[in-house]
Amino acid sequence: MDQKKTEAPATGAKSKGNVQVLGGVNSNRKADHPFDKKFEEETVKFVYETFRERQEERRYLERSWELNMNFLSGNQYCDVSAAGELEEEQPRYWWMTRRVYNHIAPAIDTRCAKLAQVRPTMTVRAATGEERDLQTAKIATNVLRSVCEECGFDDVVSRATMWSETCGTAFYKVLWDANSKSAEGGVRIVAISPFEIYPEDLSGEKLTDQGSIMHVKAVPVSEIYERYGVRVEGKDIDEFSLVPGSASANDAGGMGSRLRGVRKNSALVLEYYEKSSSVFPYGRLIVVAGDRLVYYGDLPYENGDSGSRTYPFIRQCALTMAGAFFGGSIVDRMIPVQRAFNAVKNRKHEFLNRLTMGVLAVEDGSVDTDELMEEGLPPGKVLVYRQGAAAPKMLGADSLPAEFEKEEERLLDEFILVSGVSELSSTTQNRTHVTSATGLQLLIDLDDTRLAVTVDSVKRALKAVGKQVLRLMRQFAGAHRLMRMTGEGKRVELYYFSSSDITSDDVVFEAETDEASSPAKRRSLIYEMYRMGLFTGEDGKVPDETRERVLDALGYGGLDSTRGLLPLHKNKAAEENIRLVTQEVDTDEFDDDAAHIAEHTRYLLSDEFKKNMAAKPRFLAHLRLHEAQKKRKDKEKETEN
């Protein structure tokens, strides 16, 4: 059904200061709002009307997400009604067994465990091979890793992955938080459920295709006052449908309502993001808290390509669907198989109950049926029946039909087909009768292949998050920002940098190959390369620097103290390069002259040295000192031997 699109007011006073969006950014705003009252009322009305329209458009989609969550948790006797509400299914007969044999949960647990291994190390690729670009790329890499560590990025990814596996889609929100632990502010990364995101077009496959997007969440009124400085009326709001009092009204305490939380004394905070256009070159952001307009202005973040402003969201899908904004979930496909499996198991147990307990046929009036129904037929019971009546007898019971076992096996195989998780991965059982190591490895690789689409989505999301982190740091970090970073030789340094130092946001993954998708495979590949001699130098030995990198890749980065003095000599030579630009520097007797000569020569060949050509005589003189000192030391060693 076509709906008339409501236009937002395009004029009016803009709020001063920085915007504070969901997840926590920037400075708190107090109650003085420079908005015209009529403009504020019209804008709030527009935002709420847009929200209600989008909420109604995807109502059935939300209920399918709730259905997935119920099946995953074990509430598997519920369904979506024709009215679009989640309701409990009633048994046809009171005696019917309704046990749940949950095979969805272990399949999702296994998939999440495999996806938890997708934590590639993010680095920033230098624009060129020049020394300055390499240095700025190193700074950007350390900034990115430092931010991810402070934000607990691994936990954020795990939470987002659980949402995407359950509902099909999850989102990351990358924010600037002026009230972070650091006095200068910092980047925050938040995982968001699909229930909070409302796109303009449900058929748009990319975030960039959306003309506008909304982030809506129920927030306690005390937090709204702390964040925006306005007091609003609080209500009890359904956490999923975002409708006041809807949980109890819709489900009436049925099984479908078990997972639906209600936020007490809360109000809605609605953020309306609109992409840049000719009318709004920098896009537009409208923030409404309760019934108050708290921000109206440009998109706050220069987080797009070439400094453009775009949405602070990144989408992650379990299964990308053609012609759909929200992705699909494996749970959707497993629900019909799970229903059939529950039915087969329950009917099988009912049949076994009849075999063991029996069905007694009695003539009407021959026995006390009330006593018989209450006590049954315990062993040794004396059954008294009316004289002349037919004696009660047990109806003949057949053996368990073989079709029960066959259907159960077929459904178990269908679980594997639909979920993409074999028994070898989930239960370590092997029903394929494959015993060779190569064959078993092929079966494991097949499981990994089935996850390839989801893994690619996670990797794309991580790269996009890394790019937005660097762009926000470039926008807000300012000058002379102090950061703890790892220097040469794994030495921890306190380093001052400015936003202008982050010139590259080309985020890549270290050692990104299909053969190194897991830690075990990566270690095996490194061992094989070592045995082939790919790490050795011209002298047949492994250089110290290469040995350090190999130990880091194997996970033994804590062995720095056992690697000798070479990193320290290289650090000292790098410091001397800076001093030689402006002054003479003498050599020390304890210097490793070969390491110093290599480090000074590398600097002389870099483009950065071309800016300091006046210092060339000092560098050459310093190199001659090292060469003379090296010859003298070599001669002394020969004499001692």
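Throughout, residue positions are numbered sequentially from 1 according to the sequence presented.
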Can you name the nearest heavy-atom pair linking [X] to [Y], along with the distance?
| X | Y | result |
| --- | --- | --- |
| Val294 | Ala289 | CG1-CB, 4.2 Å |
| Glu274 | Phe280 | OE2-CD1, 3.7 Å |
| Ala218 | Ile237 | CB-CG2, 4.0 Å |
| Lys275 | Thr208 | NZ-O, 2.9 Å |

Taking the basic N atoms (NZ, or NE/NH1/NH2) and the acidic carboxylate oxygens, is any pair closer than 4.0 Å for [X] and [Y]?
| X | Y | result |
| --- | --- | --- |
| Asp236 | Arg263 | no |
| Arg63 | Glu66 | yes |
| Arg339 | Asp79 | yes |
| Glu42 | Lys37 | no |

Quick one: is the NZ or CZ of [X] closer than 6.0 Å to the six-membered ring centre of [Y], and within 45° of its axis?
| X | Y | answer |
| --- | --- | --- |
| Arg315 | Phe325 | yes |
| Arg54 | Tyr198 | no |
| Lys348 | Phe404 | no |
| Arg284 | Tyr273 | no |

Got a second to check how far Lys459's NZ is from Thr454's OG1, nearest 0.5 Å?
->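 So the gap between those two atoms works out to 12.5 Å.
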Chi angles and distances behind the side-chain hydrogen bond (donor to acceptor under 3.5 Å, both in side chains) call for Ser212, Glu200 | CA-CA 6 Å; Ser212 62; Glu200 180 179 297; 2.9 Å; yes
Any side-chain heavy-atom pair of Phe51 and Val288 under 4.5 Å = no
Under the ring-ring contact (aromatic ring centres under 6.0 Å, His included) rule, collect the residues that match up with Tyr48, sequence neighbours excluded.
->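 With sequence neighbours excluded, Tyr48 shows a ring-ring contact (aromatic ring centres under 6.0 Å, His included) to no residue whatsoever.
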Run the numbers on Arg59 and Glu62 for salt bridge (charged side-chain N to carboxylate O under 4.0 Å, His left out), then give the verdict.
-> CA-CA 5 Å; Arg59 184 157 61 95; Glu62 287 183 359; over 6 Å; no
